[in-house]
Structure formats: C-alpha cells, structure tokens
Amino acid sequence: MPTTNYDENSIVILEGLDAVRKRPGMYIGSTDRRGLHHLVWEIMDNAIDEALNGYGNQIDITLNADGSCTIRDYGRGMPTGMHKSGKSALEVIFTVLHAGGKFTDSTYKASGGLHGVGASVVNALSKRLVVKVWDGKVIHELEFSQGGRHTGKMKTLGKTNQTGSSVTFWPDPEIFKDTTFSYSTIKERVQEDAFLLKGLKICVEDKRQNPKRDEFMYEDGLKAFVEELNTDHDALTPVVSFEGENQGMKIQVAFQYCDTYQENILSFANMVRTRDGGSHETGAKQAITKMMNEYARKNNFLKEKDKSMDGADIREGLTMVLHVTVPENLLQFEGQTKEKLGTPQAKNAVDAIVCEHVRYFLEENKDLSENLIRKMIKAGQARQAAREAREKARKGKGKNKSERIISGKLVHAQSKDATKKELYLVEGDSAGGSAKQGRDSKYQAILPLRGKVLNTEHCTLEQVEKNEELNTIIHTLDCGIGQSMDPKDSNYHKVIIMTDADDDGAHIQNLLLTFFYRFMRPLIDAGMLYIAMPPLFRIEKGNQEYYVYSNDELTQLKAQLKSGYTISRYKGLGEMNANQLWETTMNPETRTLLRVTLDDGRLAEKRITELMGEKAELRRNWIEENVVFTLEDDFIKEESHG
Ligand code: TTJ
C-alpha cells in the first residue's frame with residue numbers, strides 16, 4: 001500500500017485516465033506481454049528523448065524485486081513547478097492524456113507519433129507509480145496509485161547535486177493478465193537503442209529471483225550494430241558507415257557485404273524500428289542499385305546491351321542498418337501497425353547521402369568493387385536459372401507425378417486442396433509409422449526423417465540441395481527455395497515439425513528451424529510453419545486418463561487428483577500407439593500447435609546463432625520465446641473431421 005497521505009481533493013476520478021483503463025488496447029495495443037512491455041517503452045522513450053536532444057548520457061532500467069520497473073535518466077529533470085491549471089507540472093504530465101509533450105522543448109522525438117501515448121497512459125495502467133526528479137538541489141517525489149485515481153502530495157526527499165528523472169511503476173494486475181517483465185525482451189530492445197544512439201550508456205538490471213546486469217554503450221553506433229549482426233558470417237567488405245544531414249533530417253547508415261544469400265536491412269526512424277520500411281528505406285535501396293549499376297557500366301562489367309542488375313541481386317549478402325531522425329513536424333508513420341515511415345522527403349534525402357558515399361567507396365576500393373559486382377551478376381544468373389528450372393518443373397506438375405517424387409518415404413494425403421493439407425515432418429521411422437496409421441489421411445501427409453538433420457547454419461544452397469532429407473522436404477513442398485520461393489505455391493499450407501519432447505527432439509526442431517529460417521523464410525513469414533506438442537505424461541486414475549503437456553500442468557493435476565493415480569512418462573512419440581498419437585497430437589480438434597513466428601529479423605538472426613550452439617537450455621529458451629503460442633486456425637477444425 002502506498003505510504004503517501006492523500007487529502008480529499010486528491011481523490012478525483014480523472015476521466016481521461018479512466019478511458020485508458022476501459023480500453024487499454026486503444027492506447028497500448030493489447031494487454032498481453034506485448035502491451036505490458038509497451039509501458040516500459042513508453043517511459044523509456046521519454047528518457048531517450050532527453051538523451052537524444054543532448055541531455056544526459058546514461059539511462060538505467062531496473063526490474064525491482066517487488067515486480068516494479070524503474071527507469072532513470074540523467075537529463076535536466078522534469079519540471080516540478082506549478083502549472084497554470086493550479087496543479088503541478090508533474091501531476092499534469094502523469095494525469096492528463098498527451099500532456100507530456102507540451103513540457104518538453106525537444107526538436108527530435110524518439111517514437112514521436114508511434115506509440116508516444118504519454119506517461120499518463122502508463123500511470124492509468126499502473127496500480128502505483130512514483131516519480132522522482134533530481135534538480136541539482138533537491139530530490140522531488142510524487143506518487144500516484146490506483147491507475148492515477150489518487151495523487152499524493154509533492155514531497156522533497158533531501159539534497160542532491162545530481163539532475164535527472166526517474167519513474168517507478170507497478171503494472172496493474174487488474175489490467176494485465178501477466179505483470180512479469182521479461183528481462184531478455186528489455187535487454188534486447190535496450191541494446192538496439194544503444195546502437196542507435198552512440199555514446200549513450202544504457203544499464204539494465206534484474207533484481208528479481210535470478211539477478212542479472214548488462215551495460216550497453218557503443219562509441220561506433222551503427223557500425224558496431226552491423227558488426228554484431230554479421231558476427232557469424234564471412235565478410236566480403238569492411239563495414240562502410242557514414243552520416244549526413246539533408247533537409248533537417250539526420251541520416252546514419254552502416255552496411256557490409258557478407259558471404260550469405262540473405263539480405264538483411266534494418267531501418268529505423270527516430271529510434272523506432274520501421275519493420276515495413278518506408279520512404280527512407282526506398283531511398284537507400286534505390287541509391288545502392290543506382291550506384292552499383294553506374295559503377296558496373298562505367299567499368300564495363302555490363303555492356304551496353306546488357307540489362308541493369310536487379311536490386312534484389314545487388315542486395316544479396318547485404319546487411320544494412322539505416323537510421324533517419326526526422327523533425328517532429330515532418331515525422332509520419334503509416335500502415336496498419338504504423339511501422340512504415342511515410343515522410344516523403346526522406347526518400348530523396350537518404351538517396352542523396354547514400355549515393356554520395358557509396359559512389360566514393362566504390363571508387364576508392366576498386367578491387368573490392370570488382371568482386372562485389374561479379375558476385376551480383378552471378379546472383380542474377382543463378383536466380384534466372386532457378387526461375388527457369390522452377391517453371392519447367394511447374395509445367396510438369398501433375399502430368400508426370402511419379403517422376404517427381406524424390407522420396408519413397410512420403411505418405412501422401414488424398415486431398416488436392418493444398419490450403420487444407422498438412423505435412424508432418426516426423427522424427428524417426430517408428431514414430432512415422434504411428435503417425436501414418438493415426439493421421440487423417442485426407443489432409444495429413446507424413447514425411448519421416450531419419451536421424452539428425454543437416455546443420456545448415458553455414459551451408460550454401462548447393463550443399464542443402466545435395467542433402468537427401470532437406471532435398472526431400474524442398475521437393476515435397478515444391479514451392480522453390482531461397483530467393484525464388486513462394487509459399488503460396490506450397491503443396492501444404494501447414495508444415496508441422498513433430499519430434500520427441502526431449503533434448504534430441506529439441507535439437508532436431510532447431511536444425512529444421514535453422515533450415516527453414518535460412519532457406520525458406522517466407523514460409524515462416526506466411527505463418528505456415530508449426531511445431532506439434534506431444535504430451536509429456538499420461539496419468540491414469542480408475543478408468544479416467546489424462547494427457548499432460550507441461551510440468552506445471554503435471555503439478556496442478558497431481559494436486560487435483562490427490563492420490564491413487566499412475567503416471568507414465570512419454571519418452572518419445574514411438575511410445576504412443578497410433579490412436580493415442582492422433583488424439584493427443586494430431587487431431588485438429590484437440591491438439592495444440594505452436595506457430596513459429598519471427599518477430600524481428602535481428603533477434604531471429606542472433607538467436608538462431610545462439611541456439612545452434614551447444615547449450616540445450618539456450619535452445620529451449622529460444623523455442624519458448626520465439627515460438628508464439630497460438631491455437632490453431634479454425635478452418636481445419638471444421639473441414640477435416642466433419
Ligand atoms: C522538460 O523541460 C525542462 C527540462 O526537461 C524537460 C523534460 O521533460 N525532461 C525529461 C523528461 N527528462 N526525462 C524525462 C522523463 C524521464 C522518464 C524516465 C520518464 C518520463 C515520463 C519523463
């Protein structure tokens with residue numbers, strides 16, 4: 001309970017904040033874990049703004065033992081005086097919607113317009129919130145509780161020669177199903193911010209059960225960012241980085257070519273990740289395409305009659321981070337999730353800066369440039385060949401089916417409707433046998449995999465195609481691979497990885513995930529890749545049987561049944577008979593599938609690398625954090641067993 005004394009005047013119901021509590025989704029998107037972390041980003045953005053505008057060079061984020069979160073900056077300190085409304089400025093910032101911005105005199109705003117809903121929204125969704133301001137003389141403190149319905153009295157805590165602000169908040173369990181902050185989520189975001197704001201030190205600390213602390217500070221900013229993204233790849237060029245200003249916009253770029261087939265562009269506007277790109281990204285891409293073609297023509301890699309190189313081929317193996325900072329009045333985000341920069345002026349501004357520096361780099365590094373251009377031309381040729389091969393195969397589809405079946409192991413499904421068909425990739429022949437007998441033969445196909453799958457983390461396309469297991473998967477799906485794939489062409493619109501629930505199974509899952517991530521990413525982006533969840537235990541009591549899918553569930557059920565039960569542990573899929581496998585893991589009406597989603601190219605990249613390491617624990621964490629729990633789409637439920 002708060003320790004502040006309230007007077008009767010403080011107990012006013014603030015309509016604005018009540019609206020936030022009634023419809024939190026309107027302000028923070030959702031009330032799940034994502035929404036919960038929105039509170040952190042909201043407060044953090046304010047601290048970052050202060051640093052972005054040149055005040056303070058450190059930010060501390062602490063997850064406290066009591067479940068609250070503290071964010072502290074070392075800027076000028078929020079205003080503590082009286083506002084003309086008769087309330088203190090601090091109170092206004094935390095109780096009036098969108099008031100925060102009126103108190104800051106910043107030119108550039110982190111996030112401006114994206115979330116940027118204001119500190120009052122965080123207050124509205126917190127059961128308690130404490131603000132402190134260090135003004136170089138004293139420390140001021142103001143406390144709110146019950147979603148900002150109660151405002152305490154402004155207190156002075158003592159003398160200080162420091163400046164800055166801090167906010168501690170306790171998310172309201174009446175609003176959030178789960179009020180537990182994720183250290184790793186915050187840490188990753190914080191690291192990204194540190195890359196984007198060079199020289200800013202951000203410290204994150206977890207003071208809960210399992211204490212941890214990390215510090216991030218990059219003097220090299222985006223250059224360090226690209227280095228980190230490419231840690232595990234062989235570089236073809238050094239990291240090229242530069243910045244410039246154009247029409248009031250600050251433009252920062254770093255890029256590097258590596259020996260990979262992927263294009264990995266991360267763009268940001270005012271510290272906000274623009275997942276859907278936008279005008280700045282368009283400007284950068286068009287500049288690179290222009291400059292590479294210009295260089296290729298000037299130096300006779302392309303003859304007069306030759307077509308210009310394709311942007312996609314030019315970007316194969318390119319890792320780039322792009323950050324534009326746009327003045328608040330020009331900043332606009334677009335699209336459903338507002339993750340696309342609209343600002344039209346950004347396109348030409350970025351184009352101009354990138355052209356200038358890339359042209360210069362190419363001229364100054366003739367040998368490197370020559371290698372790059374040759375690689376791009378080769379990529380174009382390979383893509384063209386793949387396209388032709390696919391078209392040929394596609395034309396032959398259906399006519400001469402038996403010829404096209406590479407593997408005798410595939411157990412087909414009868415339906416011709418690919419959108420309803422599911423392909424189970426099953427560990428081991430024996431489990432494959434049960435799956436074959438237990439499945440719904442109309443819609444479910446089974447492909448048993450033998451032993452360990454090839455680790456494709458460092459493989460070329462050719463090596464993947466030579467591998468029998470992977471080649472079988474590629475041809476069974478038959479929607480191409482790498483750059484030329486299209487998940488819509490897949491013969492199966494659900495691809496389900498089904499392995500034993502043990503370490504080996506987790507390893508096979510990871511190897512398959514790596515393969516899909518590296519060589520069939522559009523399938524993941526389309527939401528077509530799943531992981532099956534077989535039960536871990538079967539419990540019998542009398543003539544009742546229960547299947548249990550997690551240790552938590554087991555504890556619960558044991559408590560509920562009290563005594564007189566027997567537990568059997570499933571060591572593998574092979575221990576279930578066909579009927580049990582169907583009921584527990586394959587029946588669309590009763591099963592649970594995890595859909596594999598990659599919420600962020602950067603994290604995915606890092607985690608794939610992490611998870612290919614030796615530690616089973618890291619791998620399990622990866623699966624827990626990246627494979628978002630989604631119950632299945634409904635259509636299969638209606639169609640497959642009607
Ligand atoms: C306002 O004008 C006087 C100088 O400081 C300006 C300001 O608002 N600074 C400011 C706000 N610094 N830090 C904040 C801030 C920090 C946190 C952690 C949370 C919030 C809501 C604001």
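One-based numbering, in listed order, for ligands and for the atoms of each. When reading the values below, keep in mind they use all heavy atoms of this one structure, side chains included, and skip hydrogens, waters and symmetry mates.
- Taking every non-hydrogen atom of I71 and a distance limit under 4.0 Å, the qualifying atoms of ligand 1 come out as 18 (C).
- Here D32 does not pair with R34 in a salt bridge; the nearest charged N to carboxylate O distance is not below 4.0 Å.
- Below 4.0 Å from some heavy atom of S165 lie the following atoms of ligand 1, by number and element: 12 (N), 13 (N), 14 (C), 16 (C).
- Against a heavy-atom cut-off of under 4.0 Å, V167 is close to the following atoms of ligand 1: 19 (C).
- Residue R72 places no N or O, backbone or side chain, under 3.5 Å from any N or O of ligand 1.
- Stacking of R76 on the aromatic ring of Y55 is recorded, both the 6.0 Å distance cut-off and the 45° axial limit being met.
- A cation-pi geometry, defined here as NZ or CZ lying under 6.0 Å from the six-membered ring centre and within 45° of its normal, holds between K212 and Y183.
- Counting the atoms of ligand 1 from 1 in the order shown, those under 4.0 Å from a heavy atom of R76 are 4 (C), 5 (O), 6 (C).
- Salt-bridge formation is detected for the pair E457/R518: a Lys NZ or Arg NE/NH1/NH2 atom is positioned less than 4.0 Å from an Asp or Glu carboxylate oxygen.
- By the 30° and 60° cut-offs, the orientation of the rings of F169 relative to F181 is perpendicular.
- Counting the atoms of ligand 1 from 1 in the order shown, those under 4.0 Å from a heavy atom of A119 are 21 (C).
- Salt bridge status for K250 with E243: absent, with no side-chain N to carboxylate O gap under 4.0 Å.
- Heavy-atom proximity to D73, at under 4.0 Å, picks out these atoms of ligand 1: 12 (N), 13 (N), 14 (C), 15 (C), 16 (C).
- Interface atoms of ligand 1 facing G77, defined by a heavy-atom separation under 4.0 Å, are 4 (C), 5 (O).
- Considering backbone and side-chain N/O of N46, none are found under 3.5 Å from N/O of ligand 1.
- Figure legend: cation-pi geometry between R72 and W134, with NZ or CZ positioned under 6.0 Å from the six-membered ring centre and within 45° of its axis.
- Every atom of ligand 1 with a heavy atom of P79 under 4.0 Å away is listed here by number and element: 1 (C).
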